[in-house]
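I have placed the structure first, in the form of structure tokens, so that the comments after it can refer back to it.
Below, read A as the first sequence line, B as the second, and so on, with proteins coming before strands; counting in each chain starts at 1. Just the heavy atoms: all of them, side chains too, but no hydrogens, waters or symmetry mates, feed the values below.
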Amino acid sequence: MALTLLQNLALGDTASSQTTSTICEPTAAANEHQLFMTGNWFASSSADGGAHWSFVNPFTRFPASAGGFCCDQVVLYNPRHRIWIWLLQYSTAANGENLFRLAISREATFGSWYYWDFTPRGVNASWTGNWFDYPDMAFTDANLFVTFNMFKGDNWQRAIVFRFPLATLAAGTSLGYRQWSTTGNGSIRLCRGPGATMYMGSHNSASQVRVLKWADANTSLSWNDVNVRSWLAGAYFAPGPGGVNWLGRLDSRITGAWVGAGIIGLMWSANRDGSHPLPYIRVARIRTSNITLIDEPDIWSRTSAWAYPAAAANAQGVAGFTAFYGGGTRHPGHVVGVKSATGWDTTLTSTSTHSPPDQSWGDYLSCTPHNASSSQWVASGYTLQGGTARRNIEPRYVRFRA
Amino acid sequence: MATKKSSTTTVRTGSKSAGKPTEDSTARARSAATAAKTPSAADLDLRDRLKAGPRRPAGPPLVGDVMTRSAMEALRNEVVPEPTEPRNRKGRK
């Protein structure tokens with residue numbers, strides 16, 4: 001199964017208005033002609049398939065709320081309801097609380113948004129001084145799912161899962177939703193792929209994952225635990241040219257998750273160990289039928305580190321992913337890949353000319369099926385081009401197929 | 001690889017209402033733009049530096065996540081798949 005890059009577009013200064021960060025956290029989505037990309041601290045849209053991009057200022061596009069727009073964003077396009085979904089995380093106000101904004105734009109009026117705000121105390125009156133961080137977003141046939149970690153100060157409190165009916169989001173009427181939270185697991189990651197059940201993943205330990213399952217038809221949620229091969233986290237280290245450790249911020253949370261063709265896939269960054277000389281991507285594939293382990297086709301290299309995977313299944317259930325690859329003789333590079341019969345077919349889209357000065361990178365990427373062409377994926381990435389300043393960050397929109 | 005399925009735990013979820021959305025017409029966005037401010041380039045430079053460094057722990061401590069010599073040794077003889085090296089290929093710009 002050969003991988004083909006169909007679009008490999010760098011977003012220039014006009015698209016990002018130079019409001020980029022070395023911790024860029026880009027996400028991207030597309031329909032046939034409309035494209036939208038977000039990152040720290042920009043958004044950008046195209047109405048002509050990526051030929052031209054327009055900067056959208058996330059600080060000023062919406063009214064100021066809480067402590068003002070902060071950072072994390074996620075964008076998706078839902079083809080069934082023909083809506084764009086844009087999630088924005090706001091900074092904490094003086095009371096230590098923030099909010100997230102869920103904005104919707106219909107395909108026919110792309111760029112005109114309506115939105116709902118969600119505060120910690122709006123969800124639970126006892127969650128005073130709490131704030132949302134690290135969003136994930138994905139949908140099933142009928143619902144949009146959003147996950148967050150919640151903190152009080154710098155202390156983690158819980159992970160929360162929201163479920164919003166897509167039909168109501170599209171209609172723009174009064175929004176009833178469901179939610180569930182847990183103190184047992186953090187950083188719950190949502191599986192991207194077709195179907196009427198949302199699967200989610202989180203670590204229980206360094207040798208066991210929890211697979212959570214929430215069907216569109218159910219108001220209850222369930223989980224099973226799956227043992228996986230042991231791995232290590234700790235302080236990640238993958239020095240590149242000049243000895244720069246671009247993985248100084250990396251941790252082990254699950255960042256990539258897909259479901260398709262009866263398979264749940266979970267991906268995370270693991271540290272070096274006796275079998276892997278550099279940090280690498282752990283992969284666990286699990287059957288949806290009985291939630292048991294199929295195999296663990298990890299992605300690793302003897303010469304460079306792999307990190308920050310994001311993944312999605314296309315309409316045929318094939319897994320595609322996006323990640324970074326660097327260290328050794330390489331500055332951080334952006335890679336997309338697809339699962340093949342024997343492993344992974346991967347291609348560099350761009351390699352940085354420099355490594356980050358503050359030894360930081362990440363914290364996440366996005367990969368989503370391309371709705372107009374069901375066998376394709378859309379992925380976000382970024383590299384440093386021409387210098388080490390945050391303005392030298394070059395976000396990247398990539399469309400690819402197997 | 002044959003593995004035994006673990007027991008299933010089921011929990012209830014809660015319901016809430018978020019009400020109607022806020023309409024964001026162009027006129028409203030223009031007035032909002034005057035209320036919300038874009039940080040200066042220097043402010044963003046500072047944000048970039050402040051964001052660097054290790055992330056805050058985001059969940060319960062992971063059992064077994066200790067990089068000891070014995071842990072490294074235990075993983076030394078794992079059967080692992082072949083390494084993956086990406087191809088250096090460019091698509092259409």
Worksheet item: With a 4.5 Å heavy-atom cut-off, do B:P86 and A:Y325 have their side chains touching?
Response: yes
Worksheet item: What part of A:T173 is in contact with chain B, defined as an atom under 4.5 angstrom from a non-hydrogen atom: side chain, backbone, both or neither?
Response: backbone
Item to complete: Examine whether an atom of A:S360 lies under 4.5 Å from a heavy atom of chain B, and if so say whether it belongs to the side chain, the backbone or both; otherwise answer neither.
Response: side chain
Practice prompt. Tell me, for A:R229 versus chain B, whether the close heavy atoms (under 4.5 Å) come from the side chain, the backbone, both or neither.
Written response: side chain
Discussion item. Salt bridge or not between A:D363 and B:R55? Use side-chain N to carboxylate O under 4.0 Å.
Written reply: yes
Worksheet item: In terms of heavy-atom pairs under 4.5 Å, which option from A:S65, A:S275, A:G343, A:G186 contacts chain B the most?
Response: A:S275
Worksheet item: Do the non-hydrogen side-chain atoms of B:P39 and A:F59 ever get within less than 4.5 Å of each other?
Response: yes
Practice prompt. Check A:C70 against B:R47 and note the closest heavy-atom contact, atom names and distance.
Written response: O-NH1, 3.0 Å
Discussion item. For the residue pair B:R56 and A:Y134, would you count it as a cation-pi contact if the rule is NZ or CZ under 6.0 angstrom from the ring centre and within 45 degrees of the ring axis?
Written reply: no
Practice prompt. Heavy-atom pairs under 4.5 Å with chain B are the metric here; pick the option from A:Q208, A:Q18, A:R391 that has the most.
Written response: A:R391
Worksheet entry | Under 3.5 Å: donor-acceptor pair, side chain of B:K51, backbone of A:C71 | no
Discussion item. For B:R87 and A:D345: C-alpha separation, side-chain torsions, deciding distance, then whether salt bridge (Lys or Arg N to Asp or Glu O under 4.0 Å) applies.
Written reply: CA-CA 8 Å; B:R87 281 179 281 171; A:D345 184 8; 2.2 Å; yes
Discussion item. Looking at chain B, which one of A:W306, A:F162, A:W361 has the largest number of heavy-atom pairs inside 4.5 Å, strictly under?
Written reply: A:W306
Worksheet item: How far apart are the C-alpha atoms of B:S17 and A:L175, what are their side-chain angles, what is the distance that settles it, and do they pass the side-chain contact (heavy atoms from CB on, under 4.5 Å) test?
Response: CA-CA 6 Å; B:S17 175; A:L175 179 65; over 6 Å; no
Worksheet entry | Sidechain-backbone polar pair: B:T13 side chain, A:T219 backbone, donor-acceptor under 3.5 Å | yes
Worksheet item: Side chain, backbone, both or neither: which part of A:D154 has a heavy atom under 4.5 Å from chain B?
Response: both
Practice prompt. Flag the pair A:L221 / B:T10 as yes when at least one side-chain heavy-atom distance between them is below 4.5 Å, and no otherwise.
Written response: no
Worksheet item: Side chains of A:W300 and B:V80: does their closest heavy-atom pair fall under 4.5 Å?
Response: yes
Worksheet, complete the sentence: Rounded to the nearest 0.5 angstrom, the CZ-OG1 distance for B:R49 and A:T22 is 10.5 Å
Fill in: Close side-chain approach of A:W223 to B:T8, heavy-atom, < 4.5 Å
no
Worksheet entry | Between CG on residue A:N224 and OG1 on residue B:T9, distance to nearest 0.5 Å | 7.5 Å
Practice prompt. Show your reasoning for whether side chain to side chain donor-acceptor pair (under 3.5 Å) applies to A:N57 and B:T38.
Written response: CA-CA 8 Å; A:N57 189 338; B:T38 304; 2.7 Å; yes
Worksheet item: Taking every heavy-atom pair that is under 4.5 Å apart, which of A:N40, A:T168, A:L250, A:V123 has the most such pairs with chain B?
Response: A:V123
Fill in: Interchain contact, A:Q359 with chain B, by part (heavy-atom threshold 4.5 Å)
neither
Worksheet item: Is chain B contacted by the side chain of A:F118, its backbone, both, or neither, given a heavy-atom distance below 4.5 Å?
Response: side chain
Worksheet item: Given that the side chain runs from C-beta out, which part of B:P57 has a heavy atom under 4.5 Å from chain A: side chain, backbone, both or neither?
Response: backbone
Discussion item. With rounding to the nearest 0.5 angstrom, report the CD to OG distance, B:E23 to A:S112.
Written reply: 7.5 Å
Discussion item. So which residue, B:S15, B:A18, B:A58, ends up with the most heavy-atom pairs under 4.5 Å with chain A?
Written reply: B:A58
Item to complete: Measure distances from A:T19 to the heavy atoms of chain B and classify the residue's part below 4.5 Å as side chain, backbone, both or neither.
Response: both
Practice prompt. Have a look at A:R390 and tell me which of B:D43, B:D48, B:D45 forms a salt bridge (charged side-chain N to carboxylate O under 4.0 Å, His left out) with it.
Written response: B:D45
Fill in: Spacing of CD belonging to B:E85 relative to CG belonging to A:L348, to within rounding of 0.5 Å
10.0 Å
Item to complete: Taking the side chain as every heavy atom from C-beta outward, state whether B:P60 and A:W156 have any pair of such atoms under 4.5 Å apart.
Response: yes
Worksheet item: Which of the residues A:S202, A:S207, A:G184 is involved in the greatest number of heavy-atom pairs with chain B at under 4.5 angstrom?
Response: A:G184
Worksheet entry | B:V11 side chain reached by A:S222 side chain, heavy atoms, under 4.5 Å | no
Item to complete: Indicate yes or no: at least one non-hydrogen side-chain atom of B:T22 is less than 4.5 angstrom from one of A:W116.
Response: no
